[in-house]
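Before any comments, here is the structure.
Within every chain, numbering begins at 1; the chains are lettered A, B, ... in the order of the sequence lines, protein sequences first and strands thereafter.
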Protein chains: 2
Amino acid sequence: MSSSPLLAELIEALRCLPGVGNKTAQRMAFHLLERDRPGAKRLADRLVQASERVGNCRRCRSFSEQDICPLCANATRDAHLLCVVESPVDQLAVEQATGYRGHYFVLLGRLSPLDGLGPKELGLDLLAARLGEGEVQELIIATNPTVEGEATAHMLGQLARAANVRATRLAHGVPLGGELEFIDRGTLAHAFGGRQNIT
Amino acid sequence: MSSSPLLAELIEALRCLPGVGNKTAQRMAFHLLERDRPGAKRLADRLVQASERVGNCRRCRSFSEQDICPLCANATRDAHLLCVVESPVDQLAVEQATGYRGHYFVLLGRLSPLDGLGPKELGLDLLAARLGEGEVQELIIATNPTVEGEATAHMLGQLARAANVRATRLAHGVPLGGELEFIDRGTLAHAFGGRQNIT
């Protein structure tokens with residue numbers, strides 16, 4: 001837009017958001033300038049605050065502005081259970097969807113040597129030390145069912161075995177509301193092989 | 001997300017963007033914090049700059065940080081043509097899609113008495129004064145083909161007639177790549193009624 005360089009810069013900057021291309025960025029910029037300047041300023045303020053002050057919890061590596069996040073510090077949660085997820089988004093999904101009341105460990109990635117993500121970057125030394133403390137009785141491996149996620153899960157399983165901790169993996173199968181006709185073959189094979197008795 | 005109040009605030013603030021609900025805001029916030037903190041700060045800076053400094057051009061009412069926008073100040077554009085659009089987004093669309101080299105006038109809305117948008121809010125006095133200057137020879141009415149847009153177009157047509165200026169309206173018809181089968185009846189009727197000779 002030739003009539004305002006600042007507007008063009010704002011549109012360009014909005015494209016750093018995931019899933020936002022040129023058209024969407026334009027629409028967002030015009031919307032903010034036409035109808036919601038207070039919202040734009042509040043958003044700017046929150047962006048600065050969050051990107052400067054949100055760090056990672058020293059214990060679970062999830063996002064937190066404190067040294068130890070409230071969830072790790074919460075004494076009412078079950079310290080015998082530890083759920084390992086790839087990212088804070090996955091942690092949020094588990095927290096919102098299930099009644100899980102144990103603790104979490106966030107890898108902040110998955111095993112991917114080509115991207116320079118090895119055991120050290122995933123904090124596996126921290127996890128091994130945690131398992132070594134002896135309090136955790138079950139390690140729930142909730143990495144994504146992708147090739148890299150499966151490789152990560154395999155390594156986590158080895159870690160658990162070395163520490164003599166029981167390791168479990170989320171069940172694979174037919175998603176609720178899915179139709180057999182449209183489910184990919186791998187999932188269907190998993191669901192078939194893992195069939196359960198109706199009691 | 002209980003583990004970080006700042007993160008929760010950021011997610012909330014992102015929802016001021018059009019088309020961004022809770023899930024998308026979460027994904028955006030996590031993406032920025034995990035992978036693009038410099039981008040987040042740049043975006044914050046641009047938001048503040050744009051929302052504080054971008055105003056409206058005194059002549060065409062489009063967004064500009066100057067008193068008169070570069071487009072209005074551009075002496076190489078044809079001052080005989082004036083295209084009236086509802087918003088700066090529409091102006092941008094016309095500018096990018098067509099070879100139009102005249103000037104613009106931006107209503108910043110459409111006639112909508114229930115929302116408190118009357119002739120005064122749309123700057124029609126400014127437009128009347130502009131037409132009265134005698135330089136404009138054609139008023140191209142490019143309001144949206146909605147009920148309110150049509151009412152606005154009708155009023156703009158009266159304004160042009162009063163100033164003895166020729167008024168034109170964008171052609172209605174079958175969009176390129178559209179199929180007759182799927183086009184709404186109103187558009188098809190317009191396209192049929194406005195059929196043209198093949199020369």
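- With values rounded to the nearest 0.5 angstrom, B/R46 atom CZ is found 12.0 Å from A/I11 atom CD1.
- Enclosure of atom NE2 in A/H172 by more than 12 non-hydrogen atoms of other residues, nucleotides or ligands within 6.0 angstrom is indicated.
- Using a 4.5 Å cut-off between side-chain heavy atoms of Ile, Leu, Val, Met, Phe, Trp and Tyr, with links allowed through other members, A/V165 and A/L127 fall into the same hydrophobic cluster.
- A pairwise comparison of heavy atoms in B/P5 and A/E65 identifies CD-OE2, 3.1 Å as the closest pair.
- Here the CG atom belonging to A/L71 is positioned 12.0 Å from the OG atom belonging to B/S4, to the nearest 0.5 angstrom.
- Contacts between A/E34 and chain B at a heavy-atom distance below 4.5 Å involve backbone atoms as well as side-chain atoms.
- A/L156 and A/V106 fall into different hydrophobic clusters, defined by Ile, Leu, Val, Met, Phe, Trp and Tyr side-chain heavy atoms under 4.5 Å apart, directly or through other members.
- Taking NE2 of A/H31 as the reference point, atom OG of B/S87 lies at 12.5 Å (rounded to 0.5 Å).
- Interface check for chain B: of the options A/L33, A/N74, A/L108, the most heavy-atom pairs under 4.5 Å are formed by A/L33.
- Minimum interatomic distance between B/C16 and A/D36 (heavy atoms only, all atoms of both residues): CB-OD2, 3.5 Å.
- Ranking A/P18, A/A40, A/A73, A/A50 against chain B, the residue ahead of the rest is A/P18, based on heavy-atom pairs under 4.5 Å.
- Checked against side-chain contact (heavy atoms from CB on, under 4.5 Å), A/L180 has the following partners two or more places apart in sequence or in another chain: A/V174, A/I183, A/L188.
- When the candidates B/R42, B/R35, B/R15, B/R53 are compared by the number of heavy-atom contacts under 4.5 Å with chain A, B/R53 comes out ahead.
- Counting side-chain heavy-atom gaps under 4.5 Å among Ile, Leu, Val, Met, Phe, Trp and Tyr, the cluster of B/L47 also holds A/L10, A/L14, A/L17, A/V20, A/M28, A/L32, A/L43, A/L47, B/L10, B/L14, B/L17, B/V20, B/M28, B/L32, B/L43.
- Note on B/Y100: it clusters hydrophobically with B/V85, by side-chain heavy-atom contacts below 4.5 Å among ILVMFWY residues.
- Between chain B and the residues A/R37, A/K41, A/E12, the most heavy-atom pairs under 4.5 angstrom are made by A/R37.
- Heavy atoms of other residues, nucleotides or ligands lying less than 6.0 angstrom from CD of A/E133 number more than 12.
- Heavy atoms from other residues, nucleotides or ligands lying under 6.0 Å from CG of A/N164 number 12 at most.
- To the nearest 0.5 Å, atoms CG (B/L92) and NZ (A/K23) are separated by 7.0 Å.
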